[in-house]
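Order of appearance sets the numbers: ligands from 1, and atoms from 1 within every ligand. Positions are given from 1, in the same order as the sequence printed here.
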Amino acid sequence: MRRIGIIGGGQLGRMAIEEARKYLAHIEVLSPDYPSPGSELADVAHVGPLEDYESVLEFAREVDVVSYEIEHVSLPALRELERLGKPVLPSAGVLAAIKDKSTQKRLLETARIPTARWAMLEGGPGAPPSPAALAAAAEALGGFPLVQKSCLGGYDGLGVAILAGPEGPGALAGPSFAEAKVPIEKELAVVLARSPDGSTAVYPCVEMAFDERANLCDSVVAPARIGAAQRQRAEELALACLRELEAESARSGSPAGAAAGVFAVELFLARSGEILVNEIAPRPHNSGHLTIESCASSQFDQYLRVLLGLPLGSSELLRPAAMVNLLGAPGASGEPEYVGLERALALPGVAVHLYGKREVRPFRKMGHVTALGRDAGEALERAEAARDCVRVMAR
Ligand code: ADP
């Protein structure tokens with residue numbers, strides 16, 4: 001059995017390891033700290049910075065295949081591993097196309113995959129863009145409000161700011177670009193798994209609700225409550241993204257077949273009916289957590305299959321489902337305490353996943369709840385009812 005190395009110590013790695021046990025797989029994790037959700041379940045936990053070349057190379061020496069559950073990883077190290085013949089899944093070429101969000105936008109634009117209109121923003125090093133730069137971007141993109149996005153380092157909405165005017169209170173410092181603000185009807189996502197032999201499993205399109213207050217994805221419902229043609233369009237666009245990533249991976253010199261792994265494509269259904277690609281994640285994703293209970297093969301199962309060289313499983317949705325994140329309570333800071341789990345678990349069709357984070361902070365993702373139902377609406381009601389029973393407080 002291949003020894004798998006996962007870079008990143010978060011909940012995605014943790015859920016992958018929970019799944020890996022059934023394959024008796026050996027998993028090592030590189031995490032910036034210990035304990036962390038992923039590292040404490042790993043067979044071997046390595047501690048080191050993920051963006052550090054030496055730290056990643058050293059970690060990879062012990063394993064047969066390297067993967068990552070976060071985008072903020074040393075690309076030069078992944079490139080060097082490929083040069084040394086160590087499998088990296090998804091490839092360094094895939095990460096290079098995704099890690100910098102402006103590179104990703106360029107890839108979508110070049111491939112004529114519909115995406116929100118955008119323009120690079122000029123700013124001094126470490127400084128926010130000037131009012132003149134913001135005004136010029138607004139002029140090109142149809143006016144304010146603009147959505148400003150950091151090129152690097154953003155996650156869970158942290159690298160995203162909505163700017164109402166050129167003075168840009170709240171504008172982000174560092175390299176960034178502006179996007180036209182899309183009038184959004186619904187946010188959608190499609191999770192896919194691709195194996196090195198090119199076979200693909202596409203999960204049904206889900207809908208995501210975004211929580212403005214917490215600035216992150218709050219709930220996910222499967223299947224998305226949209227028309228069949230829209231669902232098909234979303235799935236086609238997700239597949240188109242995968243094809244582009246694969247082509248880009250090959251162009252950049254990564255090995256053939258290495259654009260493999262689990263991917264999530266986030267999309268906007270605009271009020272006009274048009275579907276736009278927002279961004280691509282080269283890893284299991286929050287929008288796929290509900291596949292654990294609702295699909296024959298979950299996104300984490302597929303991820304393990306890819307890393308172990310096993311055939312993909314079925315991505316068929318067996319039951320409508322909904323997932324709601326369990327966030328740290330407002331004001332909660334310190335060692336977490338989970339209140340109300342008994343009441344949540346007494347509800348029908350409810351499953352609870354806790355990530356084991358050692359510290360709770362307001363709105364931090366501490367776990368999630370999935371519920372099944374006869375239809376998407378019932379599943380969401382159950383998941384929200386369960387979420388309302390649970391509070392993640394500080395001890
Ligand atoms: P992150 O990678 O941090 O999740 P996203 O690009 O997904 O960042 O943006 C976070 C959220 O901000 C989206 O889910 C959406 O609600 C909103 N958003 C992002 N881009 C746009 C846009 N161009 N128009 C309108 N809303 C947007």
Could you tell me which atoms of ligand 1, counted from 1 in the order shown, lie closer than 4.0 angstrom to a heavy atom of [X]?
{"X": "F268", "result": "15 (C), 18 (N), 19 (C), 20 (N), 21 (C), 22 (C), 27 (C)"}
{"X": "E187", "result": "13 (C), 14 (O), 15 (C), 16 (O)"}
{"X": "A180", "result": "22 (C), 23 (N), 24 (N)"}
{"X": "E179", "result": "20 (N), 21 (C), 22 (C), 23 (N)"}
{"X": "V160", "result": "8 (O), 9 (O)"}
{"X": "K101", "result": "1 (P), 2 (O), 6 (O), 8 (O)"}
{"X": "E266", "result": "7 (O)"}

If you count the non-hydrogen atoms of other residues, nucleotides and ligands that lie under 6.0 Å from [atom1] in [X], is the total more than 12?
{"X": "R251", "atom1": "CZ", "answer": "yes"}
{"X": "E139", "atom1": "CD", "answer": "no"}
{"X": "R391", "atom1": "CZ", "answer": "no"}
{"X": "R233", "atom1": "CZ", "answer": "no"}

Should L50 and Y68 count as side-chain neighbours, where that means a heavy-atom distance under 4.5 Å?
->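 No; the side chains remain at least 4.5 Å from each other.
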
Does any non-hydrogen side-chain atom of H26 lie less than 4.5 Å from one of V44?
-> yes

So does R243 pair up with E246, basic N to acidic O under 4.0 Å?
->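 No, R243 and E246 are not salt-bridged.
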
State plainly whether one hydrophobic cluster holds both L242 and V88, where clusters connect Ile, Leu, Val, Met, Phe, Trp and Tyr through side-chain heavy atoms under 4.5 angstrom apart.
-> yes

Under a heavy-atom criterion of less than 4.0 Å, does M208 contact ligand 1?
-> no

Determine whether the side chain, the backbone, both or neither of [X] has a heavy atom under 4.0 Å from any heavy atom of ligand 1.
{"X": "N278", "value": "side chain"}
{"X": "V182", "value": "both"}
{"X": "E279", "value": "side chain"}
{"X": "K181", "value": "both"}

Are F263 and H285 close enough that their ring centers fall under 6.0 Å?
->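 Here the rings of H285 and F263 have centres that are no less than 6.0 Å from each other.
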
Among I184, L276, L158, closest by any non-hydrogen atom to atom 26 (N) of ligand 1 =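 Heavy atom nearest to atom 26 (N) of ligand 1 belongs to I184.
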
Option nearest atom 6 (O) of ligand 1 (shortest heavy-atom distance, choices K149, Q148, R117) =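 Among K149, Q148, R117, the closest heavy atom to atom 6 (O) of ligand 1 belongs to K149.
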
